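Here the structure is laid out as structure tokens; the discussion comes afterwards.
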Amino acid sequence: MHDSVNGPDVRHMSPGTRILVAISGGVDSSVAALILKSEGFQVIGVTLKIWEAFPSKDAKAVADSLSIPHHMVDVTEPFQNEIVEYFVNEYRQGRTPNPCVLCNAKIKFRYLIALKAELGAEYVATGHYARVSFESSKGRFLLRKGRDATKDQSYVLHRLTQHDLSSILFPLGNLTKEQVRDAASGAGIPVADKSESQEICFLAGTDYRDFLSGYENQVIEPGPILDAAGCLIGKHKGLPFYTVGQRKGIGIPGSKRLYVTKIDASRNAIIVGEEADLLSDGLEAGDVNWIAYSTPPHRMRLGIKIRYNAKEVPGLVLPKSQDMAEVVFDTPQRAVTPGQSVVFYDNDIVVGGGIIV
RNA sequence: UGGGGCGUAGCCAAGCGGUAAGGCACGGGACUUUGGAUCCUGCAUGCGGAGGUUCGAAUCCUCCCGCCCCAG
């Protein structure tokens with residue numbers, strides 16, 4: 001029995017099972033490795049190098065302090081091709097991408113799982129706050145929220161497939177951040193006091209707008225700022241500098257605050273309005289990945305999360321095709337933003353999720 | 001120097017006798033594996049200057065300074 005180790009077929013894992021653990025150099029992944037090691041598994045640390053000057057030396061230090069082997073794998077090329085390009089293109093088209101969501105599915109877990117076979121391991125583990133379980137009645141692996149509601153990261157994992165989930169372990173799924181920190185300092189892990197990571201990992205401190213400005217092929221053209229009626233009321237610095245719901249940086253004085261309500265790439269225009277104009281009754285999602293179903297029901301009442309840092313709200317999810325769905329909120333929501341992910345929950349189960357059109 | 005208008009924080013701007021709205025910009029904090037999103041918070045002992053009226057004036061009166069418009 002390994003209660004703290006959450007994942008598929010945990011009960012059948014015998015001590016000595018070889019598990020690949022992604023080590024980022026942060027607290028969470030360190031503790032994930034620590035837990036698995038203390039449970040008697042054969043732990044191999046892997047750090048994906050997604051970007052030059054990344055990661056810090058911490059990853060190797062953590063692995064050393066845990067006395068586990070450590071591999072550094074260079075994935076800078078696929079990361080560049082699939083994530084950075086996507087990131088830049090989305091902005092170019094007036095959408096607001098969430099690169100972390102795509103990276104988890106297309107880079108992080110894909111390469112870890114590929115490596116798993118190469119290194120003769122049975123499972124892949126990360127320090128995410130989420131859980132995986134196998135639902136025998138459906139014959140499917142389910143992704144669930146982490147027990148610590150304030151740290152739950154299931155949102156950024158909603159694009160994982162059944163194949164991915166079948167070999168993923170989330171050792172922190174039942175723990176709170178506090179317990180994780182305690183475990184880290186108790187074990188003398190060098191990064192125990194490290195603060196939460198933030199911002200886009202590959203930008204490491206630099207402003208994403210500076211990054212976009214300096215990016216080759218990126219076209220940043222100033223254009224008109226229009227009001228709801230279509231009247232020209234100002235000039236913007238380039239679509240990538242704005243996101244729906246934004247109010248800072250518009251620079252137009254007035255009696256009421258103005259917010260970006262829409263980005264119209266075809267006219268290279270930013271549309272602004274008042275806060276009430278940000279409300280939407282629903283949305284349409286594309287690229288939907290269903291986890292809880294192979295073919296979803298036509299109509300589901302679910303919890304809906306329209307951005308990483310958003311409260312889940314109730315509503316209807318109406319699948320339109322295998323990868324498209326319409327969502328109707330019980331009450332209108334603020335700043336539905338194209339490009340961001342929308343994730344559907346049935347209590348703590350991630351039913352699926354897609355990208356807002 | 002005939003007529004009219006205006007001077008309120010770095011900027012836009014409300015107030016029109018009762019003790020300085022709001023917005024832009026800026027600052028601080030919280031949150032955070034996306035996004036200057038969200039959340040909390042700071043920001044004019046003073047309203048061009050000097051007098052006066054009044055219990056009390058940015059608001060009324062007088063003079064001065066500086067802009068703008070129309071006409072000559």
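Below, read A as the first sequence line, B as the second, and so on, with proteins coming before strands; counting in each chain starts at 1. Please read these numbers as outputs of a predicted model, since none were measured by experiment.
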Output the single nucleotide from G36(B), U38(B), G35(B) whose closest atom is nearest the side chain of Y91(A). G35(B)
Where the side chain of C100(A) is defined as all heavy atoms beyond and including C-beta, which of U34(B), G23(B), G36(B) is the nearest nucleotide? U34(B)
Pick the P atom in A25(B) and in C12(B), then give their distance to the nearest Å. 15 Å
Across the strands shown, which category fits I250(A) at heavy-atom distances under 4.0 angstrom: base, sugar-phosphate, nothing? sugar-phosphate
If you only use heavy atoms from C-beta on, which nucleotide in U32(B), U34(B), A37(B) is closest to the side chain of K151(A)? U32(B)
Is any side-chain N or O of K248(A) under 3.5 Å from a base N or O of G35(B), one able to act as donor and the other as acceptor? no
Which one, U34(B), C24(B), G36(B), comes nearest to the side chain of K237(A)? G36(B)
Nearest to the side chain of R209(A), heavy atoms from C-beta on, is which of C24(B), G36(B), U32(B)? G36(B)
Given U38(B), U34(B), C12(B), identify the nucleotide with an atom nearest to the side chain of Y259(A). U38(B)
With sugar-phosphate meaning primed atoms plus P, OP1 and OP2, does Y208(A) contact a base, only sugar-phosphate, or nothing at under 4.0 Å between heavy atoms? sugar-phosphate
Should the side chain of R247(A) and the base of G36(B) be counted as holding a donor-acceptor pair, with the cut-off at 3.5 Å? no
Under 4.0 Å between a side-chain nitrogen and a carboxylate oxygen: does that hold for K151(A) and E178(A)? no
Output the single nucleotide from U32(B), G35(B), G36(B) whose closest atom is nearest the side chain of T243(A). G35(B)
Separation between the C1' atoms of G49(B) and A14(B), rounded to whole Å: 24 Å
Atom pair distance, as rounded to whole Å: NZ in K256(A) and P in A13(B): 18 Å
For atom C1', what is the distance between G15(B) and A9(B), given to the nearest Å? 16 Å
Ring-plane angle category for F211(A) and F87(A), please: parallel below 30°, perpendicular beyond 60°, tilted otherwise. tilted
Which nucleotide in the list G23(B), U38(B), U32(B) gets nearest to the side chain of Y308(A)? U32(B)
Proximal nucleotide (of U38(B), U32(B), G36(B)) relative to the N309(A) side chain: U32(B)
Any donor-acceptor pair under 3.5 Å linking the side-chain atoms of Y86(A) with those of N81(A)? no
Consider only side-chain N and O atoms of Y155(A) and E312(A), and report whether a donor and an acceptor are under 3.5 Å apart. no
Examine K138(A) relative to Y293(A) and say whether NZ or CZ is less than 6.0 Å from the centre of the six-membered ring and inside a 45° cone about the ring axis. yes
